[in-house]
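Structure first, then comments.
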Amino acid sequence: MPELPEVETLRRDLLACLPGQQVVRVEVLREDSIGFPRPAATFAEAMVGQRFTDHSERRGKYLLLHLQAGAVLGVHLRMSGRLLFRASDHPREPHLRVCFALASGHELRFEDMRVFGRLWLVPVGVPVAQVVSGLAQLGPEPFDPLFDADYLARRFRGRTQPLKSALLDQNLVAGIGNIYADEALFCSGLHPLTPVERLSGQQLVRLRDAIVQVLEDGIERRGSSLRNYTDAQGVNGQYAGNAWVYGRRGAPCRRCRTAIERLRLAGRSTHFCPSCQSS
DNA sequence: ACTAGGTCCTGGTTGC
DNA sequence: TGCAACCAGGACCTAG
């Protein structure tokens, strides 16, 4: 599932192939995949003739591709979305939702089995956060100096929420999903159910450092720690059991050999080592 | 103001 | 064996 490291990897990969490419034809195969403008035919029409630039940004799990005339293509992959840069004669993916034919004979394809992903075309002069839903509510980037132990202490004061739930809240910090949340909790030695107000200053420092560490590691491994992720060329990541705890229920902890446990929290599976993550 | 739980969606996996 | 139920999860929505 694409989280911050996967989206950042995608952004960097697209920089190698997309700048200068001009859209000559757009096919929307699934209306739901378009967030704005609707109906999707309006989106398609407005995208024709647009040219991609070398200016792209990532905010949390959102990807923002700036177009030459000043518009912005916003992308959220959600659960199963992929952006693929393909030669036009490459066989179409079974869950292709939107296809941008490019003047060079390539195609930028948005493939998304579960149809949760969205594309938005932000018109020239309109603030991106006004069009791309969820963007305005995002908290700080994890790598922003603003995101430190003091910030967490302020946000956690008087809150009883389980720590794992807090990490999934994009308003607290942008970009963490279920998998990196579990990994960051393991690396900081904190139990996912700990009420956030109970964390000590020292624990908050460990938490912040662990979050930054697992995300940086994820980027360094090209997001390859995730099972279903593939890059812009469709190359599959090597999940290969890199994770400390995610998806390892019953398997021995890599640090202490205790069996990894799983519980359900806010509808999400949560993996942890009961011995290493006792507080 | 805060929190929990349901919803969307579909293919793979599990269980009877 | 065959089929149904369950599971995966990001963001949004509603209810308490």
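Since we're looking at a predicted model, the values are computed, not measured. To find a chain, count down the sequence lines: A is the first, B the second, and so on, and within it residues start at 1.
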Do the side chains of [Y] and [X] get nearer than 4.5 Å, heavy atoms only?
| X | Y | answer |
| --- | --- | --- |
| Val245(A) | Leu185(A) | no |
| Leu265(A) | Ser165(A) | yes |
| Arg262(A) | Thr270(A) | no |
| His90(A) | Glu107(A) | no |

TODO: On DNA chain B, check which nucleotide each of Arg159(A) and Arg268(A) is closest to and give me the residue with the more 5' one.
DONE: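 Mapping each residue to its closest nucleotide by heavy atoms, the 5'-most match is Arg159(A).
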Task: Closest-nucleotide 5' rank along DNA chain B - winner of Gln161(A) and His95(A) - done: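 In this pair, the answer is Gln161(A).
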Task: Positional range of nucleotides in DNA chain B within the contact set of chain A, heavy-atom, under 4.0 Å - done: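 Endpoints of the contacted stretch of DNA chain B: dC2(B) to dG11(B).
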Considering every strand and a 4.0 Å limit on heavy-atom distances, what is the contact class for [X]: base, sugar-phosphate, or nothing?
| X | value |
| --- | --- |
| Ser269(A) | sugar-phosphate |
| Arg249(A) | nothing |
| Thr160(A) | sugar-phosphate |
| Gln170(A) | sugar-phosphate |
| Arg264(A) | sugar-phosphate |

Task: 5' to 3' contact window, DNA chain C with chain A (heavy-atom distance under 4.0 Å) - done: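 Taking any atom under 4.0 Å from a heavy atom of chain A, the span is dA8(C) to dC12(C).
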TODO: Hey, can you tell me if Tyr62(A) and Trp120(A) have their rings parallel, tilted or perpendicular (30° and 60° cut-offs)?
DONE: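 Aromatic pair Tyr62(A)/Trp120(A) classed tilted.
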Open item on the list: Once you measure the plane-to-plane angle for His55(A) and His66(A), does it fall in the parallel (<30°), tilted (30-60°) or perpendicular (>60°) bin?
Closed with: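 Parallel: the ring planes of His55(A) and His66(A) meet at under 30°.
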Task: Other residues, nucleotides, ligands: >12 heavy atoms within 6.0 Å of Arg25(A) CZ - done: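 Open: at most 12 neighbouring heavy atoms sit under 6.0 Å from CZ of Arg25(A).
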Open item on the list: Run the ring-ring contact (aromatic ring centres under 6.0 Å, His included) test against Phe272(A) and tell me which residues pass, sequence neighbours left out.
Closed with: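 Phe272(A) satisfies ring-ring contact (aromatic ring centres under 6.0 Å, His included) with His191(A) once adjacent residues are dropped.
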